[in-house]
Chemist: 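Take a look at the following structure, please.
By convention here, the first residue in the shown sequence is residue 1. What you see is a predicted model; the values in this text were computed from it and never measured. Counting starts at 1 for both ligands and their atoms, following the listed order.
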Amino acid sequence: MYAIIEVGYLIATLSFLGGLKFMSSPKNAKTGNLIAALGMVLAVVLTFMAAVTATVPYTNLIIMLLAIAVGTVIGKRLSDKVEMTGMPQLVSLFNATGGGCAMLLGLVEANQMDPFTTILGNKILLIAGLITGAVALTGSIIAERKLAGKVKDRRSKTVILSARILLGLMVLLPVLYFFGIIPIGFTAFMYVLAAIAMVYGVLFVLPIGGADMPVVISLLNSITGIATAFAGFVYGNKAMIAGGIFVGAAGILLTILMCKAMNRSLLKVLAGTFKKSKNGAVEEAQEIKEISISETALSLSFAQKVAIVPGYGLAVAQAQHICGQLQQLLEKRHVGVDYIIHPVAGRMPGHMNVLLAEANVEYSHLKEMDEGNENMEQYDAVLVIGANDVVNPAAENNPDSPVYGMPIIRVYESKQVIVMKRSMGKGYAGVQNDLFALDNCSILFGDAKSSLQEIVNQLKLI
Ligand code: NAP
């Protein structure tokens, strides 16, 4: 049985690897997700089999089965119910459960350790898993609440300083404990560390807001993976170690990519120093030009090349299907259409890719930001659908702006820009968009879905 379980863990690990490989392209991402999910099911079954063969008491096995059943039902219901726009919050919640698990494992195992015979290495692993798990637990819950708009940014010096003190304590206390300077039992010490780490998780995420949020979410994701790997080492569970390392590494890579896309330094993110928004700054009134549905339809029909830049508003309006119809209609009229995707458009990495995949937009139509920027002057018209921050020229020419330094899609370099939005509402970073006042930019006010529908109707008549 031992050999079967070990081979099974190897297969599960290979499925995680295969899943990740497939997920590196939007075309195969769904298959990748399925492969990795099957690997995870296999790992859970094998862990259960390992518990059975290790003659774990029946009551424990029943509790395990109950936990699996409850987790499956809750996970399925949440995933079925969630709207695409609520996906980042759900990911954050799932992340919190992973971190919470690693923290609880640390507490349970500490309780079972023989204080005299346990090797130091295991205690260090338990502490590392507990701290990272506890930070991921509360940090992810706060991230979820912030994304849901229920918790506001708290950027006070007290919050930032307290977070740093707690970070210091999490490093210092274990050292003091192992030198025998803290005379309490290991379990009690672990509870103290868990409490400190949970408070740190809250304080770590509280001050962060605006454009830095995606970095923090993927960082917390990575931290959960690392916590799982630590717990896997304690149990000698190879699938847990491999799965944890994959999540940790993928999370860190995504964090680095996000940092690049938002011009954030990873070191500053890790140190908890974030660019403050100049909320108090006075914004000049903008003179904007409005454009009508029929003018937009006319412009698009006379264009040779059109670019569509989708953003968060496309997801809010659920306008992806009608957007796909517009593209097909334009193509029938021999207008070339590209979608230019900003890596942090929307509210989660790959948000726009997921939406456009729902509308069966072919991958050959999707252009990455750099490619789109290189060819921007070729576009006769750029339709910005519910995007704001990711096309804000202030990121390039206003050093006082919170979005300054973030790479943007330079739609202003095209011949004509039409921005679809409902009002003069701001984007996620909460700053005015300098694009709207430019000569080649006009705004088509209205909900993206109904505006697109009307444009499609008009195009059919032209
Ligand atoms: P954005 O800056 O949040 O702007 C969204 C725009 O959509 C708003 O200007 C809004 O204007 C418009 N809008 C909302 N609902 C609409 C509707 N029904 N119809 C038409 N327009 C609608 O979006 P973005 O340009 O995609 O930028 C993403 C931002 O989110 C960046 O700052 C990024 O850093 C941040 N972020 C990204 C992630 C990620 O991983 N992708 C995660 C968290 C945060 P009106 O209200 O006037 O309609």
Chemist: Which ligand 1 atoms are under 4.0 Å away from a heavy-atom of Tyr428?
Modeler: 1 (P), 2 (O), 3 (O), 29 (C), 30 (O), 32 (O), 35 (C), 44 (C)
Chemist: Indicate yes or no: at least one non-hydrogen side-chain atom of Ile418 is less than 4.5 angstrom from one of Val384.
Modeler: no
Chemist: Among Lys449, Glu358, Gln325, exactly one meets side-chain hydrogen bond (donor to acceptor under 3.5 Å, both in side chains) together with Gln320. Which residue is that?
Modeler: Glu358
Chemist: Near Gly311, which atoms of ligand 1 are under 4.0 Å from a heavy atom of that residue?
Modeler: 26 (O)
Chemist: Can you check whether Thr296 reaches Gln416 side chain to side chain, under 4.5 Å on heavy atoms?
Modeler: no
Chemist: Report yes if the side chains of Ile408 and Val390 come closer than 4.5 Å at any heavy-atom pair, otherwise no.
Modeler: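 Ile408 does not reach Val390 side chain to side chain.
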Chemist: For ligand 1, which atoms, with element, lie under 4.0 Å from some heavy atom of Asp447?
Modeler: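 So the answer, numbered in order with elements, is 17 (C), 18 (N), 19 (N).
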Chemist: Could you tell me whether the side chain of Ile308 reaches within less than 4.5 Å of the side chain of Asp338, counting heavy atoms only?
Modeler: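 When only atoms from C-beta onward are counted, Ile308 and Asp338 do not touch, as no gap falls below 4.5 Å.
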Chemist: Please say whether Ala345 places an N or O atom under 3.5 Å from an N or O atom belonging to ligand 1.
Modeler: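 Yes, since at least one N or O of Ala345 sits under 3.5 Å from an N or O of ligand 1.
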Chemist: Is any side-chain heavy atom of Thr228 closer than 4.5 Å to a side-chain heavy atom of Thr132?
Modeler: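 Sidechains of Thr132 and Thr228: no contact.
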Chemist: Hey, does Gly425 come in under 3.5 Å of ligand 1, counting only N/O atoms on both sides?
Modeler: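 Min N/O separation from ligand 1 is below 3.5 Å for Gly425.
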Chemist: May I ask you to check whether Ala387 has an N/O atom sitting below 3.5 Å from an N/O atom of ligand 1?
Modeler: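 Between Ala387 and ligand 1, no N or O pair is found under 3.5 Å apart.
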Chemist: Which is closest to atom 12 (C) of ligand 1 in terms of heavy atoms, Gly386, Ser423, Ala143?
Modeler: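 When every heavy atom of Gly386, Ser423, Ala143 is considered, Gly386 comes closest to atom 12 (C) of ligand 1.
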Chemist: Is any side-chain heavy atom of Ile241 closer than 4.5 Å to one of Ile245?
Modeler: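 When only atoms from C-beta onward are counted, Ile241 and Ile245 do touch, with a gap below 4.5 Å.
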Chemist: Short N/O distance, under 3.5 Å, between Met258 and ligand 1?
Modeler: no
Chemist: Measuring from atom 22 (C) of ligand 1, which candidate in Ala429, Ala315, Gly313, Pro88 has the nearest non-hydrogen atom?
Modeler: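 The residue whose heavy atom sits nearest atom 22 (C) of ligand 1 is Gly313.
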Chemist: Atoms of ligand 1 less than 4.0 Å from Val390 heavy atoms?
Modeler: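 That gives atoms 25 (O), 27 (O) of ligand 1.
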Chemist: Backbone or side chain, does any N or O of Met406 fall under 3.5 Å from an N or O of ligand 1?
Modeler: no
Chemist: May I ask you to test the Val419-Ile385 pair for a side-chain heavy-atom distance under 4.5 Å?
Modeler: no
Chemist: Are any non-hydrogen side-chain atoms of Tyr339 and Gln327 less than 4.5 angstrom apart?
Modeler: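 A side-chain contact exists here, since the closest heavy-atom pair is under 4.5 Å.
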Chemist: Check each atom of ligand 1 against the heavy atoms of Gly427 and keep those under 4.0 Å away; list them by number with element.
Modeler: 1 (P), 2 (O), 3 (O), 4 (O)
Chemist: Please determine if Val344 has a nitrogen or oxygen closer than 3.5 Å to a nitrogen or oxygen of ligand 1.
Modeler: yes
